[in-house]
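Since the model is a prediction, treat every value here as computed from it, not as a measurement. Proteins come first, then strands; the chains are lettered A, B, ... in the order of their sequence lines, and each starts at number 1.
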Amino acid sequence: MNIAKVVVDVPASQTNRVFDYLISEKFLGAVQPGMRVIVPFGPRKIMGFVLEITNHSDFHHLKEIHDLMDVTPVLTDELLELGNWLSEKTLSFYISVFQAMLPQVLKAKYKKELQRLTEEALPEKLEEIFAGRDRMDYEEFLQRNGNLRILQQVIQEGLVEIHYQVKSKETIKKETMISPNKQLFFLEEALANLPKQAVKQKQMLLYFLKNPEVVSQKQLLSDLQTTRSTVKSLLDQDLLKESKQEVYRNPYKQENYPKTLPLELTDDQKQSIHPILRAIEKAYHEVFLLHGVTGSGKTEIYLQSIQEVLNRGEEAIVLVPEISLTPQMVERFKGRFGSDVAVLHSGLSPGEKYDEWRKIQRHEVKVVVGARSAIFAPFENIGIIIIDEEHETSYKQEDHPRYHARDVAIYRGKNHSCPVVLGSATPSLESFARAKKNIYTLLTMPNRMNKMSMPAVKIVDMRDELHAGNRTMFSRELKAAIEQRMNKKEQIVLFLNRRGYSTFVMCRDCGYVMECPHCDIALTYHRKNERLKCHYCAYEEAMPQLCPSCESDMIRYFGTGTQKVEEALQQLIPEARIIRMDIDTTRRKGSHEKLLNQYGRHEADILLGTQMIAKGLDFANVTLVGVLAADSLLHIPDFRAAEKTFQLITQVSGRAGRHKLPGEVIIQSYTPEHYSIQLASKHDYNNFFVKEMEIRKAFQYPPYYYLTLITVSHPNQVKVQEVVRTISQLLQKHLSSHSRVLGPTPAPLSRVKDRYRYQCMVKYKNEPKQKEILKKILDYYQDEMQRNDLFIQIDLQPYQLM
DNA sequence: ATCCTGAATGCG
DNA sequence: GCATTCAGGATT
């Protein structure tokens, strides 16, 4: 057993397979599947993952593994196998899939160094660059305009060598610890001998005499109000000693989570949790779709199910959409399970993520709560997997590997023979359809906890407002309702959708709209520095004084940003205290929580925000929710537009009247008759499902059909069109007659960063050969993708059609 | 991806 | 005749 099968860190189709390496005496027994190793590959050294240890290879000139990067495997056997499956499913390289399963810091870093081998004189230019040293960075060589031809020559002559280095980025945070070095009477003796002026040193010795335990230097210094120099003196006298102790970076250190206890379940909850608990006890795999209205207490079901899993000594994975956005959720899990919980989300620094991941790897925690990638938590004894807000599109990764966390969850659920719970107030059509077909088990909770009724929803037709002469973005009804709540000292949440609210610049004379010269999209006006910025690339320019087309000075910005809404609102209701939450006000770390806490303490009447306030918020005093433009999502070119609108209105409405006070929701719309708005206002998911399914069926969209979206981009428009046409013809020819190939058409974003984008789409029900064909297409164009700046993107079951 | 090779191209 | 660019091939 001295041969390792290794997947190397070269994401290309030619290298997307295993390479065999000899395990030398030194590493025999130490190398295990799932470890990262450094292997020679051509002239360089690169990182690779060991998949398997065997004693046979068909290849005869094996090289040896150069070094190990891990002491214990970073991928479990299950994850290795999962990676295999996932790379097939998503048409991704093995290496990309494995990298996606691990924290960023475990990705290898590569460095090249030049090493001088002799004292012999080198060509003049080279001597200049080396400047007396015998080794230097290759990067520096290039920066100093090093000549590659000459370098090659001296390498061939054996005067210089290139060293290829592989480095790991991971760092383990260490804390300096201080403790007494000798028996205490030595300290006492030293204390007497210290000079009078050494006040701080005396204090420190007394400190240790009183409490001779190891203490962190940080703690010591703050306790004694002194600096490192005091410690240093005592260290020099050998009275104290220092040591390093590994510590976890703790992003949640300040918070003390009050312990919470299981709540008494409602009848709805009891009925729903029962089948889940049974699956846990019997240890069988089953997918549950937990459809519970907002405020029905889904989280409590998660918590109590997890408790059962923990009682059995098993582990739990909980996925939530971008958890940094819901500190309240973290609080509930940490409150119930304390230090058994690891939290993984995008708000953490790479080092913090690594530390949380290590707690999982070392089995120091039993529960992980995190965003999409937490589905790869290296647990080995999973008892339940929960996906909250399962309809959220953020569970689909938009770059390689293009996986959906739901699919991975179900796959792992089968592996571990454990239940998977998908929870939502507005399940995706895909999931609900599966539940109807009994592929998933449907659990329904139609009532809110505490017998609260669903909030009353009123739809305001904004066209009527306009006819009545109200040209603001707030209807008279909404304004009156806000003022009424403020008088009652109750709070208000106002939601506006960022999409359709960006501000563009147009000439009033000729209608010219300022567009990005590199992308097919209007520029966005930023008031802060009076500049126009492109949403898709780095381009920006100053706000023009005159229209570039007709030189009129009537060029103005249109549309409404959150900032502008805030100003208008303030003008309308001057006494209102407003907190605005959008990307601008929450960019700084922790500011999100700070604003929410302020709002929770009723330091503001109105919380005005975008997507980020749509879910998870739970404030007892909120009795009014306003949706400023409910239909702004309806007009995007996406067959899921109605579904997204329904989900959003439902989620936002759910923020009102969750506790003792009854809630009200006001929805402003220019198309109030649309069924997604009408049915959302009646909290009628079932009829929405029926109606929307009819439309999906008629237009051959999911869940009736599967989609494959192929997007091709290249700087040359003709080239792109030609490639997409070829691809679409190939698909047409080789796929069954039941499938439909649409396109080629320009992508909704037809040009980004000076690259033209065209796409074609396959609609199919059953197409087992499809992946083979797509692989062949990719193989065929591989060369052009490498050398000719051609880009082909294949998304199986896309969620983002742009 | 990156490196090596040898052939094609460009400039004087 | 030289350097520079390009296409093809290999990596255990």
Side-chain angles (χ1 to χ4, degrees), chain A residues 1-28 31 33 35-69 87 91-100 107-115 123-126 137-139 141-142 145-158 160-167 169 399-401 714-716 719 778-793:
Chain A
M1 301 295 268
N2 63 340
I3 288 167
K5 298 203 170 285
V6 175
V7 166
V8 294
D9 184 12
V10 181
S13 58
Q14 294 149 292
T15 48
N16 191 37
R17 56 189 179 88
V18 291
F19 289 83
D20 298 349
Y21 285 89
L22 268 178
I23 305 172
S24 63
E25 194 68 28
K26 184 163 63 156
F27 297 131
L28 214 60
V31 186
M35 279 185 178
R36 295 172 303 152
V37 289
I38 298 172
V39 291
F41 199 66
R44 39 191 191 132
K45 288 193 184 67
I46 57 176
M47 190 273 283
F49 288 101
V50 178
L51 294 194
E52 211 187 323
I53 314 268
T54 62
N55 49 21
H56 172 263
S57 172
D58 294 327
F59 194 80
H60 295 294
H61 315 285
L62 294 181
K63 292 185 182 174
E64 284 186 349
I65 288 179
H66 178 260
D67 206 356
L68 310 188
M69 290 179 84
S87 74
L91 295 177
S92 303
F93 303 127
Y94 299 115
I95 190 71
S96 318
V97 174
F98 292 136
Q99 311 255 44
K107 259 183 108 176
K109 267 258 184 274
Y110 298 101
K111 227 179 93 178
K112 282 194 275 184
E113 251 186 7
L114 299 184
Q115 167 89 52
E124 193 182 340
K125 185 80 203 251
L126 265 179
D137 271 12
Y138 182 75
E139 285 299 314
F141 171 79
L142 290 180
N145 264 326
N147 184 315
L148 287 170
R149 181 98 208 110
I150 299 173
L151 181 63
Q152 257 175 341
Q153 203 159 343
V154 292
I155 288 171
Q156 231 154 41
E157 289 167 22
V160 173
E161 205 173 56
I162 296 187
H163 283 276
Y164 293 87
Q165 293 177 354
V166 184
K167 288 203 173 148
K169 282 185 289 187
D399 48 310
H400 272 154
H714 190 272
N716 181 339
K719 176 75 193 168
L778 280 179
D779 263 7
Y780 177 76
Y781 282 109
Q782 172 216 313
D783 207 58
E784 281 198 85
M785 289 169 71
Q786 214 171 90
R787 296 188 200 282
N788 193 13
D789 212 10
L790 180 69
F791 197 67
I792 300 177
Q793 187 179 305

Side-chain ion pair, A:E784 and A:K719, N-O less than 4.0 Å: yes

Indicate yes or no: at least one non-hydrogen side-chain atom of A:F27 is less than 4.5 angstrom from one of A:V37. no

Can you find a side chain N or O atom of A:Y110 that sits less than 4.0 Å from OP1 or OP2 on B:dA1? no

Whole Å only: how far is the CG atom of A:D789 from the P atom of B:dA1? 12 Å

A:A12 side chain: which of C:dT12, B:dC3, B:dA1 is closest? B:dA1

For A:F59 and C:dT12, is the gap between ring centres under 5.5 Å while the planes differ by less than 30°? yes

Taking atom C1' of C:dT12 as reference, at what distance in whole Å does atom OH of A:Y94 sit? 16 Å

I'd like to know if the side chain of A:Y164 and the backbone of A:Y110 have a donor-acceptor N/O pair within less than 3.5 Å. no

Given atom CZ of A:R44 and atom C1' of C:dT11, what is their separation to the nearest angstrom? 8 Å

Taking the nucleotide of DNA chain B with the closest heavy atom to each, which residue, A:Q786 or A:Q156, is nearer the 5' end? A:Q786

What integer distance in Å separates A:I38:CD1 from C:dT12:P? 16 Å

Rounding to an integer number of Å, can you tell me how far A:R787 CZ sits from C:dG9 P? 10 Å

If we ignore hydrogens and angles and just use 3.5 Å, is the side chain of A:N16 paired with the main-chain N or O of A:Y94 as donor and acceptor? yes

What's the closest nucleotide to the side chain of A:Y164 if the choices are C:dT11, C:dT12, B:dC3? B:dC3

What is the distance from CD of A:E64 to C1' of C:dT12, rounded to the nearest Å? 12 Å

A:K112 side chain near B:dC3 phosphate (N/O to OP1/OP2, under 4.0 Å): yes

Rounded to whole angstrom units, what separation is found between the CG atom of A:L148 and the P atom of B:dT2? 14 Å

Students often get this wrong, so: under 4.0 angstrom with heavy atoms, is A:F93 touching a base, only sugar-phosphate, or nothing? nothing

Once you round it to whole Å, what is the distance between P of C:dT12 and CD1 of A:I3? 15 Å

Does any part of the side chain of A:Q14, heavy atoms only, come nearer than 4.5 Å to the side chain of A:Q786, both counted from C-beta? yes

